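As structure tokens, the structure follows; a few thoughts come after it.
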Protein chains: 2
Amino acid sequence: MNNETDRVYRACLIIIGNEILSGRTQDANLAFLGEQLNEIGICLDEVRVIPDVPKRIISTVNEVRRNFDYVFTTGGIGPTHDDITSQCVAEAFAVDLILHPDAYKAMVDFYGTEKLNDARLRMAHVPDGATLIENDISIAPGYRIENVFVMAGVPKIMQSMFFKLAPTLTGGKPVLSQTLSSGAKEGDIAQGLGEIQYAFKGVDIGSYPFMGRGGTGVRIVMRSSDEVSLGKCVLRVSELLNQYVK
Amino acid sequence: MNNETDRVYRACLIIIGNEILSGRTQDANLAFLGEQLNEIGICLDEVRVIPDVPKRIISTVNEVRRNFDYVFTTGGIGPTHDDITSQCVAEAFAVDLILHPDAYKAMVDFYGTEKLNDARLRMAHVPDGATLIENDISIAPGYRIENVFVMAGVPKIMQSMFFKLAPTLTGGKPVLSQTLSSGAKEGDIAQGLGEIQYAFKGVDIGSYPFMGRGGTGVRIVMRSSDEVSLGKCVLRVSELLNQYVK
């Protein structure tokens with residue numbers, strides 16, 4: 001991975017799948033990708049969850065690939081009728097969907113010619129010009145075409161693909177993060193916190209109230225790529241919270 | 001709630017919050033809203049997760065409120081400096097942010113004039129023309145302006161707000177759902193499943209492979225607002241799966 005210093009690299013994740021929108025399946029790829037990208041200096045800056053509808057996939061891919069440095073998609077690259085991501089990505093790039101020789105060979109080696117039916121062969125098709133992304137869990141690959149990375153929806157497979165492709169990404173300075181939790185009330189600390197944010201413009205201060213079994217309170221998350229400023233900010237916020245603890 | 005029959009009502013959820021994008025906080029509102037909306041005949045058709053950046057919030061609200069029947073937002077309506085949703089929604093609608101008399105009265109009653117500082121007063125401000133959405137957990141309200149429903153990010157508060165506003169929504173026929181799980185391989189059942197999908201055009205058949213402690217397999221989810229077709233489809237899929245169980 002190459003690190004350039006001052007540029008911020010922004011990524012968009014497209015989660016393709018009716019099962020996420022219906023609430024039946026809880027997505028696990030967003031949180032994984034948000035954390036992993038941050039570690040290599042790339043900011044996950046938007047996520048879209050869209051249904052398995054060709055025109056929606058095509059228009060979303062085309063809109064976001066122009067506005068973000070990197071686009072990741074999850075879901076819809078399996079063998080069944082509802083796996084339509086690859087056709088849509090090919091259409092978005094106005095290229096043909098082709099049988100990739102390396103993916104074909106890997107599948108022949110794995111399944112043998114008898115079990116390699118038409119459905120499984122679909123998984124060896126990629127948009128013309130795409131580079132394969134392998135994974136250690138399944139034989140079907142993901143792929144990269146320009147700045148778009150097409151990955152599986154199953155979290156274990158998606159994660160394996162991500163670890164393969166991550167070294168090829170260029171990122172900026174990783175953002176460091178510090179979190180302080182407190183039983184203080186947001187309404188009490190809000191003014192002081194706003195003053196600290198004003199004083200530390202290079203630190204992004206977020207305030208997140210929580211309610212759980214351990215009671216109610218607030219988590220203050222401070223993020224910056226400047227470790228010195230971040231340390232000073234943590235000190236100020238810490239002083240503030242101490243004034244309001246019950 | 002009024003039910004019209006043939007129209008499909010589509011909703012978009014905007015999740016506002018850096019903490020979700022960073023992967024630190026796992027969103028819980030998407031799955032809740034997807035399930036609840038489905039029960040009242042509204043299809044959650046897109047979700048966008050965006051950062052706490054005014055121009056992004058304003059442009060996203062304005063884009064999606066024209067394209068969906070209902071827009072829900074979560075997050076950013078608390079008392080701290082990073083709670084900027086209400087200013088942005090007001091700007092999106094080109095109206096002023098005003099102190100809502102009912103919200104103000106509720107907050108005076110709750111906090112008394114001494115504890116009701118400027119930070120807390122921010123939570124009584126809504127875009128001009130908005131109708132309050134109360135909740136049973138906190139005193140700060142959400143609100144509705146035209147087809148946009150602005151709710152808290154804390155799941156318990158968001159859920160309470162949703163249950164208050166749900167009776168005011170118009171939906172279509174609720175979509176019924178049936179799920180069959182199997183140890184069959186997706187690549188084996190894909191062709192047969194595609195044929196069943198072709199025969200049952202009114203049923204949306206999704207195939208979702210899983211990998212977990214209980215082994216690998218596939219979940220077939222069938223959705224339709226037509227109970228009779230759905231039942232017949234379940235029977236066909238069930239026959240198919242039985243052929244391929246190990």
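Letters A, B, ... mirror the listed sequences (proteins, then strands); counts begin at 1. Remember, predicted model here, so these are calculated numbers, not experimental data.
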Residue Ile20(B) versus chain A: region with a heavy atom under 4.5 Å: both
Between Thr80(A) and Gln197(B), does a side chain to side chain contact (heavy atoms under 4.5 Å, CB included) hold up when you go through it step by step? CA-CA 10 Å; Thr80(A) 53; Gln197(B) 175 67 87; over 6 Å; no
Considering only heavy atoms, which portion of Arg122(A) lies under 4.5 Å from any heavy atom of chain B: side chain, backbone, both, or neither? neither
Considering only heavy atoms, which portion of Glu19(B) lies under 4.5 Å from any heavy atom of chain A: side chain, backbone, both, or neither? both
With chain B as the partner, which of Ile157(A), Leu21(A), Val154(A), Val53(A) has the greatest number of non-hydrogen pairs under 4.5 Å? Leu21(A)
Side chain, backbone, both or neither of Ile15(B) within contact of chain A (heavy atoms, under 4.5 Å): neither
Chain A heavy atoms under 4.5 Å from Arg56(B): which part of the residue, side chain, backbone, both or neither? side chain
Does Gln191(A) have more than 12 heavy atoms from other residues, nucleotides or ligands lying within 6.0 Å of its CD? no
Do the side chains of Arg120(A) and Asp188(B) get close enough for a salt bridge, i.e. N-O under 4.0 angstrom? yes
Non-hydrogen atoms of chain B under 4.5 Å away: do they reach the side chain of Arg219(A), the backbone, both or neither? neither
Okay, Ser177(A) and chain B: the region with an atom under 4.5 Å from a heavy atom over there is side chain
Side chain, backbone, both or neither: which part of Asp45(B) has a heavy atom under 4.5 Å from chain A? both
CG/Asn67(B): more than 12 non-hydrogen atoms of other groups inside 6.0 Å: yes
Quick check on Glu46(A) against chain B: is it the side chain, the backbone, both or neither that has a heavy atom closer than 4.5 Å? both
Could Glu35(B) and Arg24(A) be called an ion pair, given the rule that one side-chain N must be under 4.0 Å from one carboxylate O? no
Any donor-acceptor pair under 3.5 Å linking the side chain of His81(B) with the backbone of Ile205(A)? yes
By a 4.5 Å heavy-atom criterion (distance strictly below it), what part of Asp27(B) contacts chain A: side chain, backbone, both, or neither? backbone
